[in-house]
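Nothing fancy with the numbering, it's 1 onward along the sequence.
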Amino acid sequence: MKLKRIALAALAAGFACPASAQDASWDAVVAAAKKEGKVVVYNMALGAPYFSAVIKSFEKEYGITVESLDLRASELVERIRTEQSAGRYLGDVEMVTTTMIEEQLKNGDFIQKLPPIPNAVNLRPPFKANEHSIPAYVQPMGILINTRLVRDDDVPKSWNDLNSPKWKGKLLSDDMRPLGSGNTLFAVLQNNMGAAFNEKLAEQKPVFSRDMRNDARRVARGEYPIYITQVFAFASDLKGLPVKVIVPQEGAPYAQMDLAVLKNAPHVNAARVFMQHFLTVESQALYANAWMLPVVNGAAERADSAAQPYANAKLMGMAKLSERPDMMALAKKLYP
């Protein structure tokens, strides 16, 4: 046990070396990255403007071109698998969910061990780097209400409030049966609120959809008073419309996005510098202002007043890869 503790401490130190202790070697990494000239980033940002803003600031600061491959999660995983199976190593960095990285490690060696990233020392609790990846940002989920259809006295304060008889047949939700945000919410609530919660929620007969951005607008238009599985960031561009994101008192289920270096990355130094840049306070503040949880100290404080409640939201938990088959089966049972 003692040896294990020592090994873990050494491992952690490797991920979080102070920048001051690495200045000379880091300068060499930056110089090598500039010689490489570009970095290829596989991501699932789906055109998010805050991701584009980080890319622009990186290119301006380092003169290194970013090639972004922006795909849906399943397409991205298959692209990496296909390329590497053919011996084509085109990508340098991936930014995907924690569970996707766990699945990659389970099924093959698609990513390599994480090289030292100096800004890892500034990660705020509970976020930590591990042997293969480092947190990038967090996407929490809450409850979206139409403020014209939900009276102040009826605003849900707890996840349990969704099971009030007054909301039966009036809830819109991302589909909880397939892999995705709906099933993430289902799994986290199952673990944290108890089995009875999901059983009662199923009796409310929520209407399922698979278009999260449009679903928020359906609530804004008054088609439904409440939408659950509301990714905070997807509502940040609805300012001026009669909607509000509620963070229940128990906290918000969330998906964590991590950065990892792909196997045989052709621009490994540029990959490290990009990850370092993504974890600067300035880059993280862009995400905080888009209503996401930054993972480094000092970024949430820079969020504007509208974003503050979401940049510091109480977190409830993530879905677990090991539980995924059981949770999908249970959701299909409750929602045949």
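Shortest non-hydrogen contact noted between Asp154 and Trp167 is O-CZ2, 3.7 Å. The nearest pair of heavy atoms linking Pro156 to Ile145 is CD-CG2, 4.1 Å.
A donor atom on one side chain and an acceptor atom on the other are not found under 3.5 Å apart for Ser85 and Thr82. For Asp215 and Ser209, the side-chain atoms include at least one donor-acceptor pair closer than 3.5 Å.
Around CZ of Arg148, the count of heavy atoms belonging to other residues, nucleotides or ligands within 6.0 Å does not exceed 12.
Each salt bridge (charged side-chain N to carboxylate O under 4.0 Å, His left out) pair with one or both residues in residues 57-68, not counting sequence neighbours, appears once here: Lys38-Glu67. Counting only residues at least two apart or in different chains, side-chain hydrogen bond (donor to acceptor under 3.5 Å, both in side chains) contacts with residues 94-103 comprise Glu94-Gln104, Thr97-Thr99, Thr98-Asp258, Glu103-Arg324.
Side chain of Asn163 to main chain of Leu201: a donor-acceptor pair is present (N/O by atom type, distance under 3.5 Å, no hydrogens or angles).
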Could you go step by step and tell me if Arg151 and Asp153 meet the salt bridge (charged side-chain N to carboxylate O under 4.0 Å, His left out) rule? CA-CA 5 Å; Arg151 298 182 307 177; Asp153 291 345; 5.8 Å; no
Test log, rule side chain to side chain donor-acceptor pair (under 3.5 Å), inputs Asn191 and Glu323: CA-CA 10 Å; Asn191 286 333; Glu323 295 179 348; 2.9 Å; yes
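Side-chain contact check for Tyr62 versus Val273: some heavy-atom pair is nearer than 4.5 Å.
Results of the side-chain contact (heavy atoms from CB on, under 4.5 Å) test with Ile143 over Val245, Thr229, Leu162, Val150 single out Leu162 as the only residue that passes.
Between Phe232 and Trp291, the ring center distance fails the sub-6.0 Å criterion. Phe278 and Tyr287 have their aromatic ring centers within a separation under 6.0 angstrom.
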